[in-house]
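Just below is one structure, and these are the notes that go with it.
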Amino acid sequence: MILKLINSCVIILFSTLIGFEAARRYVMRTKELSAIQGALSRLETEILHYSSLLPEAMLRIGDSIGGGTGKLFSRVGKLLADKKNLTVSEAWSSSLNDLKPQLFLQGEDLDILYRFGEQLGSSDKEGQVKYIKLTLIQLHEEEIKARAVREKYERMYKSLGLLGGIALAIILL
């Protein structure tokens with residue numbers, strides 16, 4: 001009987017953890033979108049006010065921001081600094097493709113970032129700043145949608161994990 005009770009507790013624990021992990025993806029997406037917006041705002045400042053070269057700006061931003069967003073900017077900066085005959089667009093797309101599994105972004109978010117990368121480094125300061133602002137607006141709209149989805153599903157997955165584990169434990173008893 002004690003063995004069944006221990007097994008039931010283990011089942012409930014692990015199903016709860018699975019529910020929390022499913023909910024975590026929604027939380028991390030909103031954090032990732034927010035971090036990218038902060039990084040792009042800093043890039044805008046670097047370009048407009050400090051007149052930094054793009055590789056230097058990307059490396060500085062990447063070093064100061066953690067997580068997948070920091071890795072993305074650092075990687076782009078390193079690729080551009082190494083002068084491997086890559087355009088800014090190619091470096092951005094390559095980095096985004098390589099880091100896609102580590103980022104908690106969905107298709108719409110990635111589409112915005114790929115479009116941003118295509119325009120990055122292809123115009124003068126004012127053109128870059130305008131395109132960064134447009135990308136920030138688009139990412140902000142996606143963040144609002146992500147927060148709404150998060151509110152809808154986060155609690156549901158946490159509860160579902162716990163209740164599913166309890167139901168399974170009861171069935172197995």
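Counting begins at 1 with the first residue of the sequence.
Considering CG of Leu103 and CG of Leu96, their distance stands at 6.5 Å, rounded to 0.5 Å. Separation of atoms CZ (Phe116) and CD1 (Ile36) is listed at 10.5 Å; rounding is to 0.5 Å. Between the CE atom of Met58 and the CZ atom of Arg42 there is a distance of 12.5 Å, given to the nearest 0.5 Å. Rounded to the nearest 0.5 angstrom, Leu105 CG and Arg25 CZ are separated by 12.0 Å.
If you chain together ILVMFWY residues whose side-chain heavy atoms come under 4.5 Å of each other, Leu168 ends up grouped with Ile11, Leu172.
Salt-bridge formation is not detected for the pair Glu141/Lys145: no Lys NZ or Arg NE/NH1/NH2 atom is positioned less than 4.0 Å from an Asp or Glu carboxylate oxygen.
Under the 4.5 Å side-chain criterion, counting only non-hydrogen atoms from C-beta, Lys125 is in contact with Ser51. Within the 4.5 Å cutoff, the side chain of Arg115 has heavy atoms near those of the Gln138 side chain. The closest side-chain heavy-atom distance from Tyr26 to Phe104 is not below 4.5 Å. Side-chain contact check for Leu136 versus Ser41: some heavy-atom pair is nearer than 4.5 Å.
Partners of Asp98 according to the salt bridge (charged side-chain N to carboxylate O under 4.0 Å, His left out) rule, which considers only residues two or more places apart in sequence or in another chain, are Arg75. With sequence neighbours left out, the ring-ring contact (aromatic ring centres under 6.0 Å, His included) criterion links Phe20 to no other residue.
Without hydrogens or angle criteria, Gln128 side chain to Gln119 main chain gives a donor-acceptor distance under 3.5 Å.
Residues Ile65 and Ala39 come closest through the heavy atom pair CD1-CB, 3.4 Å. Closest approach of Leu86 and Glu90 over heavy atoms only: CA-OE1, 3.4 Å.
Note: the hydrophobic cluster containing Leu99 also contains Ile112 (ILVMFWY, side chain heavy atoms under 4.5 Å, direct or indirect links). No continuous path of ILVMFWY side-chain contacts below 4.5 Å connects Tyr50 to Leu59, so the two sit in separate hydrophobic clusters.
Taking the centre of each ring, Trp92 and Tyr114 stay at or above the 6.0 Å mark.
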